[in-house]
2 protein chains.
Amino acid sequence: MASTASPFSISISSKPTLKASVFTPNNSAELSLRVQSSKAASLRSSFVSQSSVELTRRGISALRASRVRSTSRIMASSAQVVDQPPSKTGPVAPTIVDVDLGNRSYPIYIGSGLLDEPELLQRHVHGKKVLVVTNNTVGPLYLDKVVDALTRDNPNVSVESVILPDGEKYKNMDTLMKVFDKAIESRLDRRCTFVALGGGVIGDMCGFAAAAFLRGVNFIQIPTTVMAQVDSSVGGKTGINHPLGKNLIGAFYQPQCVLIDTDTLNTLPERELASGFAEVIKYGLIRDAEFFEWQERNIQALMSRDPGALAYAIKRSCENKAEVVSLDEKESGLRATLNLGHTFGHAIETGVGYGQWLHGEAVAAGTVMAVDMSYRLGWIDESLVKRANNIIKQFKLPVAPPESVTVEMFRSVMAVDKKVADGLLRLILLKGPLGNCVFTGDYDRKALDETLNAFCKS
Amino acid sequence: MASTASPFSISISSKPTLKASVFTPNNSAELSLRVQSSKAASLRSSFVSQSSVELTRRGISALRASRVRSTSRIMASSAQVVDQPPSKTGPVAPTIVDVDLGNRSYPIYIGSGLLDEPELLQRHVHGKKVLVVTNNTVGPLYLDKVVDALTRDNPNVSVESVILPDGEKYKNMDTLMKVFDKAIESRLDRRCTFVALGGGVIGDMCGFAAAAFLRGVNFIQIPTTVMAQVDSSVGGKTGINHPLGKNLIGAFYQPQCVLIDTDTLNTLPERELASGFAEVIKYGLIRDAEFFEWQERNIQALMSRDPGALAYAIKRSCENKAEVVSLDEKESGLRATLNLGHTFGHAIETGVGYGQWLHGEAVAAGTVMAVDMSYRLGWIDESLVKRANNIIKQFKLPVAPPESVTVEMFRSVMAVDKKVADGLLRLILLKGPLGNCVFTGDYDRKALDETLNAFCKS
């Protein structure tokens, strides 16, 4: 018997419109945290400090009971600074930073114990099948927890997983194909969801796989390193490396949400922890002087993994990144400023071979070089050079490239940098007081030569 | 000396806003070909026939002298049909079909001798470097011509090329990497342009490479087969095959323009020519009864490569495709109807091994199977079955899958089809009078079983 059919069966995704909410246990109290927007042109961002920190101290047990929305716009501005890291006691409720990209907007949830809250993840899963992409370091620690969060009281969803080898050197096409193989063998269809569980490498590869599988499927980021939580998991840059350069193959592809459970940092090795702080420092240097000063006062709290300090640094970093990405998703200009130290850093990573230095370590040394060049150009004071070098040293990050990377290697890798335009290498350099930078190809070539010669052998 | 720099050097692409123009030698005559839009809900498209055909007979020599815009909206409707193929004499000026996708809109230029008009191509090249991607069949025939068109009187542009092995079996990740290798070795940057010169395989691979290289660069399609000209080069579907299925890895990525020089069909093998007509027939069956009837009357003109008949069939096909893509770029519903016969066809291609059957040959046999199933469901008359089979036979296309493809092979490949949603296989089937179809998972499974059993061994 022929069954009846409507002319077209059209699938419409039901994306939640949740934006910038803060959960509280009291559903009668409407807390307005909206802060007046400063002039957008200043491109300075803000943070809602004491009020939101108070909120985040509340127990997560009340999470499901009720919620009240209070708006914490990332474009807003505030003069208050958290001088003292919040208390170490107890789990914190999720703070939410919204990445505003029109119909591709999504929330970043930040807090302790969020992987024990299935509802947060499940609201962003589309379809009946999920593929968790992780690696052989993070998988044994958190895969079971994530599968439980995805499936608890949710019998309609089945979860597959693929466990990749850990490390930047595996961020290549061969490894990416393993994700496609698993997705196809598992008969995942266009309504499935990919979940990235791991650091920046996993996020970048899983994101690109999600962008390219069946020309695009849903995607969730669960970053488990500081580096991924403050930088790589936010903003939709995905991709893999080519033997001749980092991230040369990829896509701009936004996730449904980013879920940052700060508890996952408890298992992060020291070196990885420090590596992530290189990106935190970056936000301060290029656009957020007050955040930089807060970091200077809180280095020990961050190094000793004080939960409140970590949560604040992650939130503030995500707010900075979300603001920049919202203004320039495809990196036509402003977004490139997030790459302070990265052009030098990529050359180091490529020069020594992927995986020998962590990304943040290379960025730290690259930042010192970019700061040096900015000083040689006469664009910044010596005091800023000292402060930048000092904070990088205190985080136990390198302040120079390894001896094996020569001037010629720098030149060779920098020539294929994505920021080259019609043959001209554009760089992010500091200019003016702390918190100001430029993205430009208009600089004296001698300064670049001098910096390269000062930091490495010819 | 430090040079001055503006705070940000922001690159802004200068995309031409050319839309749906027809060139004429008389710049004083403003010809309005706008036809009133029919009800969009009817989803029936149109063609501006005699008027535009008159225009296209004019010599291209006047192309640069002047141009007058006349609007030929693809959403418009007309009752007129070209019963007689246009004259065979002389070159034709470009007909332009506009693909309306907001800020990703682009023109399709169709005409004889367009590769001798450098201005058409050059207006869509961004940056100073171009990478032409072609294969070892098409390259020797047209690469020099394309390089000349890109560089004539245009000393600022340099052109690199990469020549891939010809054939569907090379549409894979290994071959794609050769494009990235060449692009990176040639130090192409984000402002470069990729040009696809060849058939559907080249267009799909070059398009995906353009989408993924540095997370996206400019892209131009120069299709040289009927298949690519009427279907694969229009609409932004790009990708590569996986051993387990066709086009499972890719992106939606729109070109800057599509340039169809119908002269390139003069070198196309008979079998390739016929293969392309499978997609032309498809447009008639699913949504354009008048076009189907025109084809029935013009089979011999098309088979004998009458330039006017070919140009008309290409234009009409592009208009149909452009309309569908404009309404549903990401294939959430309507666009899937363009895959009539393709689910069965993909199973044939995968079953016999890529490259053994041409895509259009597999689609032709798949179309016969889809029509058979539609009839078994009681959704169409027997007369339509006969007309569909007859036109496919007259184009010397296969009306059944090869004996080597079994029912089990069909089931296995169809299970990973991109149109499967949450485990349910949705198919495009004809329903009602000629020119009507449905995309649905709501059909009697027995009819599918019967069709598979009728056409192949178990």
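All chains are named by letter (A, B, ...) in the order of the sequence lines, taking the proteins before the strands, and each is independently numbered beginning at 1.
Highest contact tally toward chain B, considering only A:M173, A:K330, A:M177, is held by A:M173 [criterion: heavy-atom pairs under 4.5 Å]. Note: B:A415 leads B:A336, B:G239, B:A415 in heavy-atom pairs under 4.5 Å with chain A. Chain A forms more heavy-atom pairs under 4.5 Å with one residue of B:R187, B:E185, B:R445 than with any other, namely B:R187. Contact count versus chain A (heavy atoms, under 4.5 Å) is highest, among B:N247, B:I240, B:D328, B:I184, for B:I184.
Across B:F180 and B:A209, no two heavy atoms sit closer than the pair CE2-O, 3.6 Å. Contact between A:N241 and A:K246 at its shortest, heavy atoms only, is OD1-CA, 3.3 Å.
Annotation: salt bridge (Lys or Arg N to Asp or Glu O under 4.0 Å) contacts of A:K182 (sequence neighbours excluded): A:E160. Taking the side-chain contact (heavy atoms from CB on, under 4.5 Å) definition, one finds that B:Y170 meets it with B:P165, B:T175, sequence neighbours left out.
Contact of A:K128 with chain B is made through backbone and side chain together, with heavy-atom distances under 4.5 Å. Both the backbone and the side chain of A:D181 come within contact range of chain B, each with at least one heavy atom under 4.5 Å from a heavy atom of that chain. Neither the backbone nor the side chain of A:Y253 comes within contact range of chain B; no heavy atoms are under 4.5 Å apart. For A:A447, no part lies near chain B; criterion is any non-hydrogen pair under 4.5 Å. With a threshold of 4.5 angstrom between heavy atoms, A:S158 does not approach chain B through any atom at all.
Side-chain atoms of A:T238 and A:D204 form no donor-acceptor pair, as typed in the model, at a separation below 3.5 Å.
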Before giving the answer on salt bridge (charged side-chain N to carboxylate O under 4.0 Å, His left out), spell out for B:D372 and B:R376 the whole-Å C-alpha distance, their side-chain angles and the decisive distance to 0.1 Å.
-> CA-CA 6 Å; B:D372 176 82; B:R376 289 179 193 273; 2.6 Å; yes
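Using modelled atom types, one side-chain atom of A:K129 and one backbone atom of A:S186 make a donor-acceptor pair closer than 3.5 Å.
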